[in-house]
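Everything below concerns the one structure shown next.
In listed order, ligands and their atoms are each counted from 1.
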Amino acid sequence: MQDLTQRVWSATSPHHVGDLAWGRSHTESADWPIAMWEADGRVGAWAWANLPDDLRLQVDPAHPHLVGEALAWFDDLAEGGLREINPLDTQTDLVETLLAHGYRPRDDAPFFAYHRHDLTALPDPVLPAGFTARPVRGEADLAQRVAVHQAAWNSTRVTPESYRAVMTTWPYRADLDWVIESPDGDFAANCLIWLDPANRVGLIEPVGTAPAHRRRGLSRAVCLAALHALKAAGATQAIVYPRGDAAYPVPRVLYRGLGFRPYARTRTYAKQD
Ligand SMILES: CC(C)(COP(=O)(O)OP(=O)(O)OC[C@H]1O[C@@H](n2cnc3c(N)ncnc32)[C@H](O)[C@@H]1OP(=O)(O)O)[C@@H](O)C(=O)NCCC(=O)NCCS
């Protein structure tokens, strides 16, 4: 899956090797059904179903007929129930195929706004007194790294086991997994970046600040520290996919303030027999 995703990555790709690695490492998504189709002796398409109704899909543009095979596979899984797919609005060929298969746009659905930053001009991070930014130190930081994620997201979806899986999944690099340590020694904020070295593009996924430390510039600072490390690792651009709809505006404010600009958005296409 990552091989295809890396091979065909472009500004019209809904996926990056990093979001596959992040998404596959957590318990519930690890069990979602996956299918792959071969073309010319390698993976030409993959489909990843979040049952009951959501499909993630990547097809090599050189083999567009595989979209139909993936949709048929999803039809069988869904057994006539609601099916939804979220292509980028720039994936015009895929959108046409979805319309031809009976999918229709749902303009009331939440969406993700894809943003990019060319990394040429990056300000230095500024931290409140006593706070320090640094990359994680592997297993020694595991418990704290999970704790700051759980606090930021008010969720226990990410566990020590699942984060250990993240840390051993390509292309994870500890030098691109940044935290801010508070004067008390706890982790206050985090930013994980995934580098696709072939395309020299890093994906930010995820960022968080623990509620007790919010509105002090910590997410901005931890992102800048991680972006500097990304640039030093050879990337020329970074991307991030915050929510674009009005219901969840704060991450968008953060990334635009860092210099990210929108280039595409997801749109939900739905079908029900
Ligand atoms: C989004 C989040 C990371 C912001 O963390 P933070 O440390 O409080 O953010 P900062 O203090 O660095 O502020 C960054 C920008 O967001 C703005 N901002 C932060 N919280 C805000 C709020 N509640 N309302 C409006 N603007 C807000 C700040 O004004 C600042 O804007 P500027 O760059 O234009 O000055 C934090 O709220 C969080 O962890 N949320 C849950 C996880 C999440 O949604 N992560 C991002 C997913 S892509």
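The protein atom (non-hydrogen) at minimum distance from atom 39 (O) of ligand 1 is Thr209 N, 2.9 Å. Protein heavy atom nearest atom 1 (C) of ligand 1, with residue, atom name and distance: Val250 CG1, 3.9 Å. At the shortest separation from atom 14 (C) of ligand 1 among protein heavy atoms lies Leu254 CD1, 3.7 Å. The nearest heavy-atom contact from the protein to atom 17 (C) of ligand 1 is Val253 CG1, 3.8 Å.
Close N/O approach between Pro242 and ligand 1 is not found [any backbone or side-chain N/O within under 3.5 Å]. Where the criterion is an N or O separation shorter than 3.5 Å, residue side chain and backbone included, Tyr255 fails it with respect to ligand 1. For a threshold of 3.5 Å applied to N or O pairs, the pair formed by Ser219 and ligand 1 contains at least one separation below that value. Any N or O atom pair closer than 3.5 Å counts here, and Val207 shares at least one such pair with ligand 1.
Side-chain contact, Gln58 with Thr5: a donor N or O sits under 3.5 Å from an acceptor N or O. There is no side-chain donor-acceptor pair under 3.5 Å between Tyr269 and Asn86. When only modelled atom types and interatomic distance are considered, His115 and Arg256 share a side-chain donor-acceptor pair under 3.5 Å.
Evaluated by nearest non-hydrogen atom to atom 22 (C) of ligand 1, the leading choice among Arg214, His149, Arg215 is Arg215. The option from Ser155, Ala221, Gly217, Cys223 that lies nearest to atom 11 (O) of ligand 1, judged by heavy atoms, is Gly217. Comparing heavy-atom distances from atom 42 (C) of ligand 1 across Trp153, Phe112, Tyr241 singles out Trp153 as nearest.
Under 4.0 Å from ligand 1, not a single heavy atom of Arg256 appears.
Ligand 1 is approached by Tyr248 to a heavy-atom distance shorter than 4.0 Å. Every heavy atom of Ala189 sits 4.0 Å or more from the atoms of ligand 1.
For atom 32 (P) of ligand 1, no protein heavy-atom neighbour is present inside the 4.0 Å cut-off. Shown here, atom 35 (O) of ligand 1 is out of close reach of the protein: none of its heavy atoms lies under 4.0 Å off.
Taking the charged nitrogens against the carboxylate oxygens, Arg42 and Asp3 have no contact shorter than 4.0 Å, which rules out a salt bridge. Remark: Glu139 engages Arg164 in a salt bridge, criterion side-chain N to carboxylate O under 4.0 Å.
No side-chain donor-acceptor contact under 3.5 Å links Asp184 to the backbone of Asp186.
Applying ring pair (Phe, Tyr, Trp, His ring centres under 6.0 Å) to His15 and the options Trp46, Phe112, Tyr114 leaves one that passes, Trp46.
Remark: ligand 1 atoms within the under-4.0 Å shell around heavy atoms of Ala152 are 39 (O), 41 (C). Numbered from 1 in the order shown, with element, the atoms of ligand 1 that lie under 4.0 Å from a heavy atom of Arg216 read 11 (O). Atoms of ligand 1 lying under 4.0 Å from at least one heavy atom of Arg220, given by number and element, are 12 (O).
Using a 4.5 Å heavy-atom threshold, the side chains of Pro87 and Arg267 count as separate. Under the 4.5 Å side-chain criterion, counting only non-hydrogen atoms from C-beta, Arg157 is not in contact with Ser162.
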Decide side-chain contact (heavy atoms from CB on, under 4.5 Å) for Asp118 and Thr236; before the verdict, give the C-alpha distance in whole Å, the side-chain angles of both, and the deciding distance to 0.1 Å.
CA-CA 6 Å; Asp118 71 8; Thr236 56; over 6 Å; no

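Shortest non-hydrogen contact noted between Cys191 and Ile204 is SG-CG2, 4.0 Å.
Taking a 6.0 Å sphere around CG of Asp108, one finds it holds more than 12 heavy atoms contributed by other residues, nucleotides or ligands.
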